[in-house]
Amino acid sequence: MYPVAISSTGLFVPPHVITNAELVVAFNAFAEQENTAHAAEIAAGTRQAIPMSSVEFIEKASGIKRRYVMEKEGVLDPKRMRPRFKARPDTEISMMAEIAVAAARQALERAGKTAADVDGVICAASNIQRAYPALAVEIQGALGIQGFAFDMNVACSSATFGIEMAVNAVKCGSARAVLVVDPEITSGHLAWKDRDCHFIFGDVCTATLVERLENAPPGAFEVLGTRLLTSFSNAIRNNAGFLSRAEDRDPDERDQLFYQEGRRVFKEVCPLAAQHISGHLASLGYTPAQARRFWLHQANLSMNQLIARKLLGRDATPEEAPVILDEFANTSSAGSIIAFHRYNADFKPGDVGVICSFGAGYSIGSVVVRRT
Ligand code: CO8
């Protein structure tokens with residue numbers, strides 16, 4: 001068995017920003033347009049008026065202030081309310097592969113490594129853009145990596161579950177190094193017409209280079225352990241898939257996009273996540289107080305504050321549980337990796353931290369690391 005490390009991470013940030021104010025203007029124009037078009041039914045009581053959204057609610061309920069997206073005009077067009085992506089020919093790199101390659105190149109560069117040092121690519125994300133050929137194989141080809149590549153989806157926990165797969169491959173010797181990439185283009189599957197969730201998500205891509213500790217650069221993070229947990233729940237769901245066409249579904253039908261019972265998720269997931277992290281740390285001989293930082297999944301500010309409070313018995317400082325969701329919104333599986341990417345430079349040799357994701361499934365994944 002080889003000791004394993006996270007050598008580096010990479011981050012691709014999409015070119016466009018949508019602020020809460022811009023989002024709310026577009027949503028409210030859409031709501032007014034729909035309510036005007038259906039004024040008679042609303043007056044007759046046969047249809048509900050669409051209620052307006054508000055910046056104040058979004059910031060208070062979630063802590064999100066803005067989000068990055070691959071394309072914003074389509075999202076902000078009240079007559080469209082979804083991004084406008086140009087279909088690419090099969091001869092051109094696909095959009096998710098393109099952003100994954102950008103993040104992966106950054107991770108390789110930061111570790112001082114090249115494609116020749118890597119034996120595998122895992123593309124781990126919530127809404128992978130096609131069934132086959134696997135995105136990971138396209139990314140592998142574009143990077144010039146030999147060996148194997150495959151896709152996997154565990155929603156918000158895709159990245160941590162992908163890291164566990166990579167850690168196991170490296171630990172057992174089937175690969176010297178594996179790149180885990182998380183192209184999360186959530187804007188394609190977000191219900192921008194639903195005020196309960198139109199503000200939640202953003203686009204991004206992260207990459208994590210997992211390799212043998214002996215090959216890792218100075219300052220790499222040794223992986224002390226990974227732990228995964230799943231428990232079935234319908235509270236976060238998206239029914240779109242390869243049977244939708246045979247079910248004669250309209251791609252715009254509400255259940256063909258992201259939907260959730262946000263409050264239920266909040267109540268059920270927070271205790272599970274806190275218990276998972278403290279159990280994982282205990283199995284490695286640490287208490288939560290001995291961890292310098294928790295790089296938590298970035299879905300909701302109060303959720304992270306509550307989980308940190310359950311772990312520490314007091315409020316966490318921003319250094320102990322860094323927040324990136326104000327800038328990025330919920331980027332599904334990439335959130336905890338962005339937090340790790342942005343906030344690890346101050347770690348001293350021996351400092352311990354926990355990367356933890358939680359979300360649809362339910363699924364929870366944790367990675368305990370120690371700076372070398
Ligand atoms: N503007 C104004 N008012 C609003 C708005 C809005 N935009 N939205 C809702 N309201 C109203 C509601 O209608 C409600 O009104 P009333 O009291 O009259 O019924 C009131 O505000 C309160 O609503 P909620 O109870 O829903 O508000 P909460 O305080 O619970 O906040 C949140 C809602 C922010 C959604 C919160 O519950 C939350 O963050 N929960 C956690 C959810 C979570 O973490 N989910 C994880 C999902 S991510 C995941 O697993 C990955 C999936 C794959 C990604 C795919 C991407 C497309």
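When a ligand or atom number is given, it counts from 1 through the structure's own listing order. In what follows, residues are counted from 1 in the order of the sequence shown.
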If you measure from the Lys or Arg side-chain nitrogens to the Asp or Glu carboxylate oxygens, is any gap between [X] and [Y] under 4.0 Å?
X: Lys193; Y: Glu34; result: no
X: Asp90; Y: Arg130; result: no
X: Asp351; Y: Arg371; result: no
X: Glu98; Y: Arg88; result: yes
X: Glu222; Y: Arg370; result: yes

Below 3.5 angstrom, do we get any N/O pair linking [X] and ligand 1?
X: Ala155; value: no
X: Ala360; value: yes
X: Thr186; value: no
X: Ser54; value: yes

Do protein heavy atoms approach [atom] to less than 4.0 Å?
atom: atom 48 (S) of ligand 1; result: yes
atom: atom 14 (C) of ligand 1; result: no
atom: atom 26 (O) of ligand 1; result: no
atom: atom 17 (O) of ligand 1; result: no
atom: atom 10 (N) of ligand 1; result: yes
atom: atom 37 (O) of ligand 1; result: yes

In terms of ring plane angle, is the pair [X] and [Y] parallel, tilted or perpendicular, where the classes change at 30° and 60°?
X: Phe328; Y: Tyr68; result: tilted
X: Phe27; Y: His198; result: tilted
X: His276; Y: His280; result: perpendicular

Can you tell me which portion of [X] lies within the under-4.0 Å heavy-atom range of ligand 1? Options are side chain, backbone, both, or neither.
X: Leu257; value: neither
X: Asn127; value: side chain
X: Glu184; value: neither
X: Ser332; value: side chain
X: Ser53; value: both
X: Ser126; value: side chain
X: Asn300; value: side chain
X: Ile236; value: side chain

**Complete:** Among Phe258, Phe27, Phe57, Phe201, the residue with a heavy atom nearest to atom 33 (C) of ligand 1 is Phe57
**The one among Arg195, Gln260, Lys267, His198 that brings a heavy atom closest to atom 45 (N) of ligand 1** =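 Comparing heavy atoms across Arg195, Gln260, Lys267, His198, the nearest one to atom 45 (N) of ligand 1 lies in Gln260.
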**Request:** Apply side chain to side chain contact (heavy atoms under 4.5 Å, CB included) to Phe221 and Phe340, showing your working.
**Result:** CA-CA 11 Å; Phe221 284 82; Phe340 175 70; 3.6 Å; yes
**Request:** May I ask you to test the Leu296-Ile277 pair for a side-chain heavy-atom distance under 4.5 Å?
**Result:**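 Yes. Closest side-chain heavy atoms under 4.5 Å.
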**Prompt:** Which atoms from ligand 1 have a heavy atom of Asn330 less than 4.0 Å away?
**Reply:**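 Ligand 1 atoms under the 4.0 Å threshold to Asn330: 48 (S).
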**Prompt:** Does Arg212 make a cation-pi contact with Tyr2, if we ask for NZ or CZ under 6.0 Å from the ring centre and within 45° of the axis?
**Reply:** yes
**The single option from Asp196, Val265, Asn234 passing side chain to side chain contact (heavy atoms under 4.5 Å, CB included) against Gln260** = Val265
